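Letters go in sequence order (proteins before strands), and every chain restarts at 1. Here the structure is a predicted model, which means the values were calculated and not measured.
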Amino acid sequence: MIDIKLTREYYLESDVVKVAKDLIGKIIHSNIEGEITSALITETEAYAGVTDRASHAYNGRRTQRTEIMYKEGGTAYVYFCYGIHYLFNIVTNVKDIPYAVLIRGIYPLNGVDLMLRRVNKLKFDKNSGNGPGKVTKLLGIDKNHNGISLMDDTIWLSSGNITFNDSLIIADKRVGIDYAGDDALLPYRFYVKYNDVLRKIYE
DNA sequence: CGTACGATCTGCT
DNA sequence: GCAGATCGTACGA
């Protein structure tokens, strides 16, 4: 099975929740100043645009920051949070519909030494890639990557060659959005249980 | 212009 | 388990 870069069509999908789930098991790659890393996507969250109170674009909010979310699917939306962290999102759907998927967890595959250096650690454990702030740090993503196209060769995704059985993918409510009222209860977060497949790759 | 706070992580207790 | 770090963004005055 060949590892194929995800195309524009993939990101134009209108059901952002479906994309969030489908991204589990895909591979994310970064080439930051010639330093290449890749990792398996293990946790995501969907943000469903203008009707989703948890979304930055709720109620059609358009500001300098959120403008990126209105771009065509396949665009990177990177923003700064808690004064410390950059969070990486993938814009989906067609232009002017501000849907996005937050990447919350990865397992390092290639460029492991480089990633360890970036987080100043000696070795990984299975928690090293869970948390959206850790994801960007491991991959070397920061605000310079806000707005770039995932068709380019800086940050891109590929199909990978792993398919997780549906029963291994858990849907749950999203994290850290208590202010979103009822929308905080929506099962828009997806993650794969640490399982034998991962153990085999990772240990 | 001033201020409140957030899609969090780490290290120490 | 909790406080501290640390700053861009949004919004109201």
A.B. asks: For dA7(B), does either OP1 or OP2 sit under 4.0 Å from a side-chain N or O belonging to His85(A)?
C.D. replies: no

A.B. asks: Kindly state whether the ring of His56(A) and the ring of Tyr79(A) have centres lying under 6.0 angstrom apart.
C.D. replies: yes

A.B. asks: The side chain of Met69(A) lies closest to which of these nucleotides: dA7(B), dA10(C), dT8(B)?
C.D. replies: dA7(B)

A.B. asks: From the set dG8(C), dA10(C), dT8(B), return the single nucleotide nearest to any side-chain atom of Phe80(A).
C.D. replies: dG8(C)

A.B. asks: Can you find a side chain N or O atom of Arg104(A) that sits less than 4.0 Å from OP1 or OP2 on dT8(B)?
C.D. replies: yes

A.B. asks: Considering just the side-chain nitrogens and oxygens of Tyr179(A), establish if one lies under 4.0 Å of OP1 or OP2 belonging to dA7(B).
C.D. replies: yes

A.B. asks: With a 3.5 Å limit on both atom pairs, tell me what dA7(B) is paired to, counting Watson-Crick and G-U wobble, or say none.
C.D. replies: none

A.B. asks: Taking the side chain of Ile84(A) as its heavy atoms from C-beta onward, which of dG8(C), dT6(C), dA7(B) lies nearest to it?
C.D. replies: dT6(C)

A.B. asks: Looking at dT9(C), I'd like to know if its phosphate oxygens (OP1 or OP2) sit under 4.0 Å from a side-chain N or O belonging to Thr63(A).
C.D. replies: no

A.B. asks: What nucleotide, of dG8(C), dA7(B), dT9(C), holds the atom closest to the side chain of Ile177(A)?
C.D. replies: dA7(B)

A.B. asks: How close or far is atom C1' of dG6(B) from atom CZ of Arg61(A), stated in whole angstroms?
C.D. replies: 11 Å

A.B. asks: Report the distance from atom OH of Tyr79(A) to atom C1' of dA10(C), rounded to the nearest whole Å.
C.D. replies: 14 Å

A.B. asks: Under 3.5 Å, is there a donor-acceptor pair between the Asp183(A) and Tyr58(A) side chains?
C.D. replies: no

A.B. asks: Ignoring hydrogens, what is the shortest heavy-atom contact between Ile97(A) and Asn93(A)? Give both atom names and the distance.
C.D. replies: CG2-ND2, 3.6 Å

A.B. asks: What is the distance, to the nearest angstrom, from the CG atom on Asn89(A) to the C1' atom on dG6(B)?
C.D. replies: 14 Å

A.B. asks: Compare the aromatic ring of Tyr82(A) with the six-membered base ring of dA5(C) and state whether they stack according to the 5.5 Å and 30° rule.
C.D. replies: no

A.B. asks: Could you tell me how far apart Arg65(A) (CZ) and dC11(C) (C1') are, to the nearest whole angstrom?
C.D. replies: 12 Å

A.B. asks: So that I can tick it off, tell me whether Lys173(A) and Asp178(A) are bridged by a salt bridge, with the cut-off set at under 4.0 angstrom between side-chain N and carboxylate O.
C.D. replies: no

A.B. asks: Rounded to whole angstrom units, what separation is found between the NZ atom of Lys137(A) and the P atom of dT6(C)?
C.D. replies: 12 Å

A.B. asks: Lys134(A) near the nucleic acid: base, sugar-phosphate alone, or nothing, with a heavy-atom cut-off under 4.0 Å?
C.D. replies: sugar-phosphate

A.B. asks: Would you kindly give the NE2-to-C1' distance between His56(A) and dC5(B), to the nearest whole Å?
C.D. replies: 12 Å

A.B. asks: Which whole-number value in Å describes the distance from Ile141(A) CD1 to dT8(B) P?
C.D. replies: 16 Å

A.B. asks: Please report, rounded to the nearest Å, how far the P atom of dA10(C) is from the CG atom of Asn59(A).
C.D. replies: 14 Å

A.B. asks: Output the single nucleotide from dT8(B), dA10(C), dA7(B) whose closest atom is nearest the side chain of Val175(A).
C.D. replies: dT8(B)

A.B. asks: Pick base, sugar-phosphate or nothing for Arg174(A), based on heavy-atom distances below 4.0 Å to the nucleic acid.
C.D. replies: nothing

A.B. asks: What I'd like to find out is whether the side chain of His29(A) reaches to under 4.5 Å of the side chain of Ser158(A), using heavy atoms alone.
C.D. replies: yes

A.B. asks: Using a cut-off of less than 4.0 Å, is there contact between a side-chain N or O of Arg189(A) and OP1 or OP2 of dA7(B)?
C.D. replies: no

A.B. asks: Just by distance, no angles: are the side chains of Thr154(A) and Asp152(A) close enough, under 3.5 Å, to form a donor-acceptor pair?
C.D. replies: no

